Every structure is written in C-alpha cells, then in structure tokens.
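Scroll down for the structure; my scribbles are underneath it.
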Amino acid sequence: MPSVILKPGKERRLMFGHPWIYSGEIAKLTGEPADGDVVDIRDHKDRPHGSGLLNRKSQITVRRFTAGKEELDRTFFRKRIDAALAYRKTVLPATATSFRVVWSEADQLPGLIVDKFGDDLVFQALTLGVDKRKGTFIEILRDLFKPKSILERSDVPSRRLEGLPEEKGVVYGKYEGNAVITVGGVQFEGNLLEDQKTGFFLDQAENYASVGAHCAGKKVLDCFSYHGGFGMFAAKAGASRVEAVESSEPANVRAHNNAKLNGVEGKIEFNCANVFDVLKAYDKEKRQFDVIILDPPTFARAKQNVDDALRGYKEINLRALKMLPPGGILATFSCSHHITSSLLESVVIEAAADARKTVRLVKTLTQSADHPVLLGVPETEYLKGFLLQVV
Ligand code: SAH
C-alpha cells in the first residue's frame, strides 16, 4: 500500500481528531498512488496513523478516513453512513423526514455531504477521493433509503481547489421538479436541482422553532429571509404581522408560494430589497418591531475579510437593536466559519452599547443537531447565533 510519511510532529493534528494533512506536512510519498487513491499514513518514526484519500492537486493532500487498519471499501463506507444515520435517529424527532444524513468530517466522511428531503436525496462530492467513489456512495444510498431520486449538487466553487469541475444532475431515479418538504410541521416547496446549496437550508430547522416560540401576537421582521423559513414559523406561531426582506427575486417568489402552501399568505409581506438599505430607512423612520431575525449570508469567506465582515455584522445588529423596545427579541446569526461565537458576541455587545440597550441572552443558537460539530475539527462548526431579549 502506498504511504505518506509525515514530517516530525506533523501527526499532532491527527491525534487531536482532525483528519487533514497539508502538503507541507508530508516528508515523503512511497509507492505510485494515483490522486484519489487510498494511502497509509505513517509518522517519521514509522508509527501507523490510519489511512486516507490522496489528492496532490489539493493543499489538503490527504484526508484521513480511519485511524485504524480498516480497508476503505464499500463495507467500510456503508458502516460510516449507517453510523451517521443512527446518530440522526438519536437526536431528531422520529417524525423527521428531511434532514442532513452525512456532514463530511463530522461523520468521519471528509468531502461527502448527503441531505434527505422526503423521498429525494441530494449529495455533494467536495473532494476528488469522494468524487471517484461516487458510484459506491450512490449504491449505498439507494440500498439504504430506497429513494425516488438521488441528485448531485457538486456545483460548488471549492471543487476547483481539488482540480474538479462543478457538476450537478439527477444521478438516480426520477426527480419530478418542485418537491414539497416538511420541516417541523411547516411545508416548503423547493427545487433541489436549482435552489441554493443542496436546495434548502436545513441547518436552521431547530432555530425556527426557538424563534417561533417568541412570535405569538408579535410584529416580526425576518431579514435575509430566503425561502421564508423564520417568517413562516413566526406566522404559524401566531405573529400579528411578518415582514420578510430578501434581495433575491427567485427566493422571494418561492417564499411567497411557501406562505400560500402554509395558509399564512395574508400575514407575511415580502420585501424584495437590500437588508442594509431597509434597516437604515426603518431606523431613520424610528420604526419598532417586537422580534427581528438577522440571518445574513457569509460576510467573511476568507480570514482576511473578517474585519469588513465584523463591520457588516455590527451595522445590522446596531440598527436592529435600535428598533426593539424592552421585551423585544433579536435572533442574530453568523454562518461564517471565520467568525467565532466570541467574535459575534463582542460585535453584539458593542452594537447593544451603541444602541444604548441592555440585552439578556435567552439562548445560544447553533446549527441543528443533524449538522453535528466535532470538537477537534473547528471547520465543522459554522453557524453561530444568539437569541437575545432587550431588557
Ligand atoms: N434565513 C434563511 C437563510 C438565509 S441565507 C433560512 O432560514 O433559510 C442568506 C440570504 O440572504 C440568501 O437568500 C441571500 O439571497 C440573501 N441576501 C444576501 N445579501 C442580501 C442583502 N444585502 N439583502 C437582502 N438579502 C440578502
């Protein structure tokens, strides 16, 4: 078996459970493996550290799949996916039909994401090693779920770092177009082939309910609303009025359809606009809301954007806090991996000080339990949020 021999000390990250080996950490590669092949991992004293998949085109040259001696074959991958599913069964309600089945490193399957939307499955192959084994994964998913269809949404720019083109399409069965999925009793229509990411953001599912619990009889502003997730839960929970602000026209159309589907059409106003402009204008007009949700897209795609991103978070949080009276609720999020929970917390503290508000932490929010976090792998945690109440 071909092996990568690590430079002295470079086994440390692996020993803390982080599965990446960067090109600069490798002293030697033995044998003649092709990119995508399995390689044994050994440290400079020839001690074994399991095995992983190689890609010399990537800065992350090896991703470890096991610390043990198992073969990385179909049986192995099936066991990993079974384990991922078993975990979901322990943390999700028994009635859940749409959830993330596999979350890459967090399920010890680096580079593979699988989402289940009712009877349809969507997967992303983010690395060459996974891409080369697509056929195997599709067979396993077919056996395990007997789905109506399996779609590939590997249309992500990061595939370029692996030397792979973006790809998407129906790889198994028949996909009928717009599918209706149910999350926490709320229905959402989506096109899993065309909508953002794998078609729907499942990572906020638990937070919809946490925020919805504060919305009965309230005036709610859902910022960056996409398909209307928070707005819909708020309306169903009995909000007196909901305004959803989203700059993408297709997302707004979808959100509008979703409102019809859930019988709350008259309760939600859809505002196709830039949240920054809307908050500025409402702040000037001294408008007030009871509940405001801020769920912006990634402001910091790279480490060097963190300062700009923090200014963006500060601005929206400041304006939102100014519009909340005592008792008002702010649900504020960041989905940027580079913005840690403590960075977001500092921004909110500064925003509250500038807005002359005192805020109480009602609940710390994170990605739903079907997007688990591995403590040794910070990259598995990306969604941070706080549910706050103005005192
Ligand atoms: N809250 C949503 C997910 C939000 S994702 C949910 O629960 O599903 C971020 C959304 O912000 C995307 O739909 C994107 O189109 C939108 N967006 C990005 N920049 C924006 C801006 N400046 N103003 C309004 N919407 C914006």
Side-chain angles (χ1 to χ4, degrees), residues 98-100 115 117 122 156 181-192 194-212 215 220-237 239 242-259 261-262 264 268-283 291-301 305 308-309 311-317 319-320 329-337 339 365-368 370-371 382-387:
S98 297
F99 52 90
R100 176 152 291 186
D115 283 344
F117 297 103
V122 181
V156 284
I181 65 163
T182 306
V183 175
V186 175
Q187 293 188 303
F188 293 91
E189 188 187 72
N191 188 321
L192 305 178
E194 302 305 332
D195 296 342
Q196 297 182 32
K197 291 200 197 166
T198 60
F200 185 79
F201 298 127
L202 290 165
D203 50 7
Q204 288 283 24
E206 289 171 6
N207 300 328
Y208 292 152
S210 298
V211 175
C215 292
V220 179
L221 182 66
D222 176 7
C223 298
F224 307 97
S225 50
Y226 189 49
H227 290 180
F230 283 103
M232 215 79 63
F233 271 73
K236 292 239 344 175
V242 180
E243 177 176 340
V245 187
E246 161 64 50
S247 59
S248 149
E249 177 63 41
N252 260 310
V253 170
R254 185 81 75 209
H256 206 144
N257 285 341
N258 284 338
L261 204 60
N262 288 283
V264 291
I268 310 183
E269 180 196 333
F270 297 94
N271 186 355
C272 190
N274 184 331
V275 166
F276 284 86
D277 297 341
V278 170
L279 290 181
K280 203 167 166 184
Y282 287 5
D283 179 15
V291 180
I292 300 181
I293 298 116
L294 299 174
D295 183 20
T298 321
F299 287 160
R301 286 213 177 275
N305 305 133
D308 282 346
R311 270 190 289 278
Y313 289 114
K314 168 94 183 275
E315 179 176 336
I316 55 176
N317 280 282
R319 294 205 196 276
I329 293 280
L330 173 67
T332 185
F333 296 93
S334 163
C335 60
S336 309
H337 161 63
I339 305 293
L365 305 171
T366 181
Q367 58 217 47
S368 292
D370 52 345
H371 296 57
Y382 62 96
L383 184 66
K384 295 106 196 175
F386 301 108
L387 188 65

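For this chain, numbers begin at 1 and follow the sequence in order. Just follow the structure's listing: the first ligand is 1, and inside any ligand the first atom is 1. This one's a predicted model, so the numbers in the text were calculated from it and none came from an experiment.
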Problem set entry | side-chain contact (heavy atoms from CB on, under 4.5 Å) between H371 and Y382, worked out | CA-CA 10 Å; H371 296 57; Y382 62 96; 3.3 Å; yes
Problem set entry | Option of least heavy-atom distance to atom 7 (O) of ligand 1 (set: F230, Y208, F188, F200) | Y208
Problem set entry | Option of least heavy-atom distance to atom 19 (N) of ligand 1 (set: G229, C272, P297, G312) | P297
Protein contact to [atom] [nearest heavy atom, distance to 0.1 Å]:
| atom | result |
| --- | --- |
| atom 3 (C) of ligand 1 | D295 OD2, 3.3 Å |
| atom 22 (N) of ligand 1 | N274 OD1, 3.0 Å |
| atom 4 (C) of ligand 1 | F224 O, 3.2 Å |
| atom 17 (N) of ligand 1 | S247 OG, 3.6 Å |
| atom 23 (N) of ligand 1 | V275 N, 2.9 Å |
| atom 5 (S) of ligand 1 | F201 CE1, 3.7 Å |

Exercise. Between the main-chain N or O of V245 and the side-chain N or O of N271, is there a donor-acceptor pair closer than 3.5 Å?
Worked result: no
For this session: Please state which part of Y226 comes within less than 4.0 Å of ligand 1, counting heavy atoms only: side chain, backbone, both or neither.
Result: both
Exercise. Heavy atom under 4.0 Å from ligand 1: found in A251's side chain, backbone, both, or neither?
Worked result: neither
Problem set entry | Check against side chain to side chain donor-acceptor pair (under 3.5 Å), Y226 and Q204 | CA-CA 12 Å; Y226 189 49; Q204 288 283 24; over 6 Å; no
Exercise. Under a heavy-atom criterion of less than 4.0 Å, does E246 contact ligand 1?
Worked result: yes
Exercise. Does ligand 1 have an atom under 4.0 Å from some heavy atom of A273?
Worked result: yes
Exercise. Taking only residues two or more places apart in sequence, or in another chain, which ones meet F200 in a ring pair (Phe, Tyr, Trp, His ring centres under 6.0 Å)?
Worked result: F188
For this session: Identify the residue among L221, V220, N207 that makes a side-chain contact (heavy atoms from CB on, under 4.5 Å) with I293.
Result: V220
Problem set entry | Candidate pair F230 and V291, rule side-chain contact (heavy atoms from CB on, under 4.5 Å), full reasoning | CA-CA 11 Å; F230 283 103; V291 180; over 6 Å; no
For this session: Side-chain contact test, heavy atoms from C-beta onward, threshold under 4.5 Å: evaluate it for V253 versus F270 and give yes or no.
Result: no
For this session: Check G228 against A255 and note the closest heavy-atom contact, atom names and distance.
Result: N-CB, 3.9 Å
